[in-house]
Amino acid sequence: MIRSVVRGFGASLPKRVMTNSEMEKKVDTSDEWIVQRTGIRQRYLAGEGETTASLGEAAARAALERAKLTPADIDLIILATSTPDNTFPATAVNIQNRLGMHHGAAFDVQAVCSGFIFAVTTADAYIRGGIAKRVLVIGAETFSRILDWNDRTTCVLFGDGAGAIVLEAQEGEGTTADRGVLTTQLRSDGAHKEKLYVDGGPSSTGTVGHLRMEGREVFKHAVGMITDVIEAAFEATGTTADDIDWLVPHQANRRIIDGSAKKLGIPPEKVVVTVDIHGNTSAASIPLALNAAASDGRIKQGDLVLLEAMGGGFTWGSVLLRW
Ligand code: UT7
């Protein structure tokens with residue numbers, strides 16, 4: 001049985017860090033409120049010359065180096081982003097060109113904060129379907145460019161960055177002892193589309209627009225939706241919370257992360273948290289967290305790793321993989 005195995009990982013952050021105390025100077029907020037309600041202490045913001053494509057390219061190069069591969073070895077690039085450099089072409093094509101890669105294919109997927117889960121699921125389907133052998137899966141965002149910097153209920157929450165993994169087709173036995181992606185679970189429900197959205201777009205207003213969110217409404221649904229797709233992953237693979245070595249959640253809010261882990265019975269020492277330093281980087285948050293925990297040696301080869309996300313759409317999903 002063909003499995004999609006993580007062969008490399010990497011990340012990239014903008015140069016500029018913005019702390020909560022700097023945020024206090026911009027809008028009517030406080031470090032205490034932000035930390036207490038979200039766990040965020042700082043975020044990175046893209047500066048001049050830094051874009052989703054440049055951050056995504058840097059993360060991709062880091063993942064290729066870690067995998068000891070070059071762009072010539074890749075046959076597909078899938079970029080998860082909601083903040084493309086241009087309305088079109090896909091930013092994945094821009095990254096492909098920046099990597100000097102002129103073969104294979106590249107496209108974007110758009111599922112907001114769940115984007116990386118949707119991109120890994122797509123890559124896994126292409127690999128298991130025999131369409132691709134090595135896929136660069138990237139999550140890259142510059143949410144700072146679509147924030148309303150006068151809206152304290154949203155601008156304190158988000159940050160910029162990128163993360164990437166290389167998934168490679170390898171033979172497995174078809175058991176949960178295999179390395180690679182073991183199951184993926186995707187969901188969406190457009191009935192919630194107005195709870196977290198951007199109030200502009202090429203076909204509606206002809207403008208880019210700004211992020212709008214009913215935070216409390218999103219919060220209300222988050223833990224239940226996350227639990228749903230994690231339980232579905234357990235059911236599909238016959239695993240339980242006790243089998244999990246690492247939970248690597250989307251990093252939106254410390255309270256959502258802690259609440260989901262508690263409900264599932266996953267102890268805090270098995271949960272990777274980076275929301276304090278990155279803020280919510282949407283589709284980039286999971287690969288950024290994976291990079292942090294795999295670089296410092298927490299996630300090791302053979303570990304059972306559970307990824308989950310929930311966000312705009314609503315979209316939500318999980319990926320269970322053996323590192
Ligand atoms: O990644 C995609 C998914 N997105 C999320 O997961 C976000 C989910 N939502 C959340 O994380 C939380 O709802 C927030 C962090 C956005 C807000 O936390 P909350 O505990 O739900 O606060 P709230 O919206 O109920 O607001 C509480 C109070 C309000 O004041 P009143 O009405 O009680 O007087 C707000 O006006 O906090 C006020 N407030 C602020 N105060 C200081 C809202 N934003 C701020 C702020 N600084 N930045």
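Counting starts at 1 for both ligands and their atoms, in listed order. Computation of the quantities below employed the complete heavy-atom set of this structure, encompassing side-chain atoms and omitting hydrogens, waters and symmetry-equivalent molecules.
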Between R43 and N20: side-chain donor-acceptor atoms closer than 3.5 Å
yes
Sorted by first residue and then second, give each ring pair (Phe, Tyr, Trp, His ring centres under 6.0 Å) pair with at least one member in residues 4-46; sequence neighbours left out.
F9-W323
I'd like to know if D178 pairs up with R3 as an ion pair, taking the criterion as any Lys NZ or Arg NE/NH1/NH2 lying under 4.0 Å from an Asp or Glu carboxylate oxygen.
yes
With distance as the sole test, does D108 use its side chain to make a donor-acceptor pair with the main-chain N or O of A92 at under 3.5 Å?
yes
Quick one: do D228 and R187 make a salt bridge, cutoff under 4.0 Å?
yes
Quick test of your reading of the model: are D276 and R41 salt-bridged, counting only N-O distances below 4.0 Å?
no
Give one line per pair: atom of ligand 1, protein atom, distance. Only N/O to N/O under 3.5 Å.
from, atom 1, to, atom 2, distance (Å)
ligand 1, 1 (O), H250, NE2, 2.8
ligand 1, 1 (O), N280, ND2, 2.7
ligand 1, 9 (N), G215, O, 3.0
ligand 1, 11 (O), N253, ND2, 2.6
ligand 1, 13 (O), G215, O, 3.1
ligand 1, 18 (O), R255, NH2, 3.4
ligand 1, 20 (O), R37, NH1, 2.9
ligand 1, 20 (O), R255, NH2, 2.9
ligand 1, 22 (O), R37, NH1, 3.4
ligand 1, 25 (O), R216, NE, 2.6
ligand 1, 25 (O), R216, NH2, 2.9
ligand 1, 36 (O), R152, NH2, 3.1
ligand 1, 37 (O), W33, NE1, 3.1
ligand 1, 41 (N), W33, NE1, 3.4
ligand 1, 41 (N), R152, NH1, 3.4
ligand 1, 47 (N), T29, OG1, 2.7
ligand 1, 48 (N), T29, OG1, 3.1
ligand 1, 48 (N), R152, O, 2.9

